[in-house]
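Single-structure report; data block below.
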Amino acid sequence: MKSITITGSKRESVGKVATKALRNAGKVPCVLYGGDKPLHFSADEISFKNLVYTPNVYTATIELEGVTYNAILQDIQFHPVTDKILHVDFYQLFDDKLVTMNIPVRLVGVSPGVINGGSLRFAMRKLSVRALPADLPDFINADISKLKIGSKLTVAELAQDNLSILHPESSVVVQVRTSRSAVSTNDEEDEEGEETATEEATE
C-alpha cells in the first residue's frame, strides 16, 4: 500500500490553551497510539490533504525529530461549520501485527448485463479487512465482466489468501438488476434463432 509522509513535532503541552495556539498557527494536534504509550505531536494542516481528502486509502509515514513511525489513520475530527481538521488519531503499525483497515473496492471489466440495459448496484464500495501491514492492498478488485442481468458478486468471491475480509461471505458487493429497458442475453439468442428458422423455412 502507498504511504504519505507527514512531518511533525512532538508536543510537550497538551492542554486546551496549547491546542488552541497550535490550531491558530495552522497546525493540527495529533496522537499516535499503539506503541508503549501515546505519542502527542502536531503537523501542518496542509500535510493531511492527500491523506484525508481522497477516496483512496494510504498508510502514513510519520517523521518526528529524526524518528520514523509507520501508521494508519484511526480517527479524525472536523469543525462542524468550517470543516477544518481539529484533531487526528493514528495507530502505529508493526510488521508482525495484524491490522484492520477499510479498503476500497475497484470494479474491473464491463458487465454484459449492464450493456443489455441492466442496472448496476454497487452496494459495498469499501471492505473491512484484517492483514499484516505488508499485505494491505490499495484496492480489492471486483471483476464484473461475467455479470449478466440478475447476477451478483459476493464477499466470498473476492477472498484473498493473504488477508481476511471481515464481512459475511454472503454479503453482496455488486449486482446487476433488471430494468424496464433490459434485454436478457438468452432472450436475444432465442429471437435470433427464431428469425433464422423463419428465413430457412421461407427459402
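- Side-chain atoms of L153 and M124, non-hydrogen and from C-beta on, never get closer than 4.5 Å to each other.
- With values rounded to the nearest 0.5 angstrom, R177 atom CZ is found 4.5 Å from R121 atom CZ.
- Applying the 6.0 Å contact sphere to OH of Y58 captures more than 12 heavy atoms from other residues, nucleotides or ligands.
- Rounding to the nearest 0.5 Å places OG1 of T61 at 5.0 Å from CG of N70.
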| Can you check side chain to side chain contact (heavy atoms under 4.5 Å, CB included) on R125 and V105, steps first, answer last? | CA-CA 5 Å; R125 296 176 180 269; V105 177; 5.7 Å; no
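- Proximity of L136 to V57: side-chain heavy atoms (C-beta onward) are nowhere separated by under 4.5 Å.
- At a threshold of 4.5 Å between non-hydrogen side-chain atoms, the residues L73 and F48 do not count as touching.
- Using a 4.5 Å cut-off on side-chain heavy atoms (C-beta onward), H87 and T19 make no contact.
- D143 contributes a side-chain N or O that, together with a main-chain N or O of S145, makes up a donor-acceptor pair within less than 3.5 Å.
- The CG atom of L127 sits 4.5 Å away from the NE2 atom of H167 when rounded to the nearest 0.5 Å.
- For the atom pair SG of C30 and CG of D75, the computed distance is 11.5 Å after rounding to the nearest 0.5 Å.
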| said: Let's go through V155 and V173 carefully: what are the C-alpha distance in whole Å and the side-chain angles of both, what is the deciding distance for side chain to side chain contact (heavy atoms under 4.5 Å, CB included) to 0.1 Å, and is it a yes or a no? | reply: CA-CA 6 Å; V155 165; V173 177; 3.9 Å; yes
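- The shortest side-chain heavy-atom distance between F139 and V108 does not fall under the 4.5 Å cut-off.
- Environment of CG in N24: crowded, with over 12 heavy atoms of neighbouring residues, nucleotides or ligands closer than 6.0 Å.
- Across all non-hydrogen atoms, the minimal contact from T100 to S128 is CG2-OG, 3.5 Å.
- By the rule that hydrophobic residues join a cluster once side-chain heavy atoms approach within less than 4.5 Å of another member, Y91 and L51 end up as members of separate clusters.
- Shortest non-hydrogen contact noted between T154 and S170 is CG2-O, 3.9 Å.
- Scanning all heavy atoms of the two residues, the minimum distance from A60 to S3 falls at C-OG, 3.7 Å.
- Cluster annotation: L98 is not connected to Y33 through the hydrophobic network of ILVMFWY side chains, with a link wherever side-chain heavy atoms come within less than 4.5 Å.
- In the hydrophobic clustering of ILVMFWY residues, with side-chain heavy atoms under 4.5 Å counting as a link, I62 and M101 come out apart.
- Side-chain N or O atoms of D138 include one that pairs as donor or acceptor with a backbone N or O of K2 at under 3.5 Å.
- Side chain of S111 to main chain of L147: a donor-acceptor pair is present (N/O by atom type, distance under 3.5 Å, no hydrogens or angles).
- Shown here for K97 and P133, the closest heavy-atom pair between the two residues is O-CD, 3.3 Å.
- V52 and I85 get closest at one heavy-atom pair: CG2-CD1, 4.3 Å.
- When side chains are defined from C-beta on, M1 counts as touching I103, because their heavy atoms get closer than 4.5 Å.
- Contact between L163 and I165 at its shortest, heavy atoms only, is CD1-CG1, 3.8 Å.
- Residues L39 and Q92 have side chains not in contact (no heavy-atom distance under 4.5 Å, counting atoms from C-beta outward).
- A side chain to side chain contact (heavy atoms under 4.5 Å, CB included) with I4 is found for exactly one of T54, N50, N56, namely N50.
- By the criterion of side-chain heavy atoms lying less than 4.5 angstrom apart, applied directly or through intervening Ile, Leu, Val, Met, Phe, Trp or Tyr residues, I6 is not grouped with L22; the two fall into different hydrophobic clusters.
- Rounding to the nearest 0.5 Å gives a distance of 11.0 Å between CZ of F41 and NZ of K10.
- Between Y69 atom OH and L32 atom CG the span is 7.5 Å, to the nearest 0.5 Å.
- Hydrophobic clustering (ILVMFWY, side-chain heavy atoms < 4.5 Å, transitive): V28 and Y53 are in one cluster.
- Scanning for salt bridge (Lys or Arg N to Asp or Glu O under 4.0 Å) contacts around K152 gives an empty result, with sequence neighbours left out.
- The 12-atom threshold is exceeded at CD of E157, counting heavy atoms of other residues, nucleotides or ligands nearer than 6.0 Å.
- At least one side-chain heavy atom of P29 sits under 4.5 Å from a side-chain heavy atom of R23.
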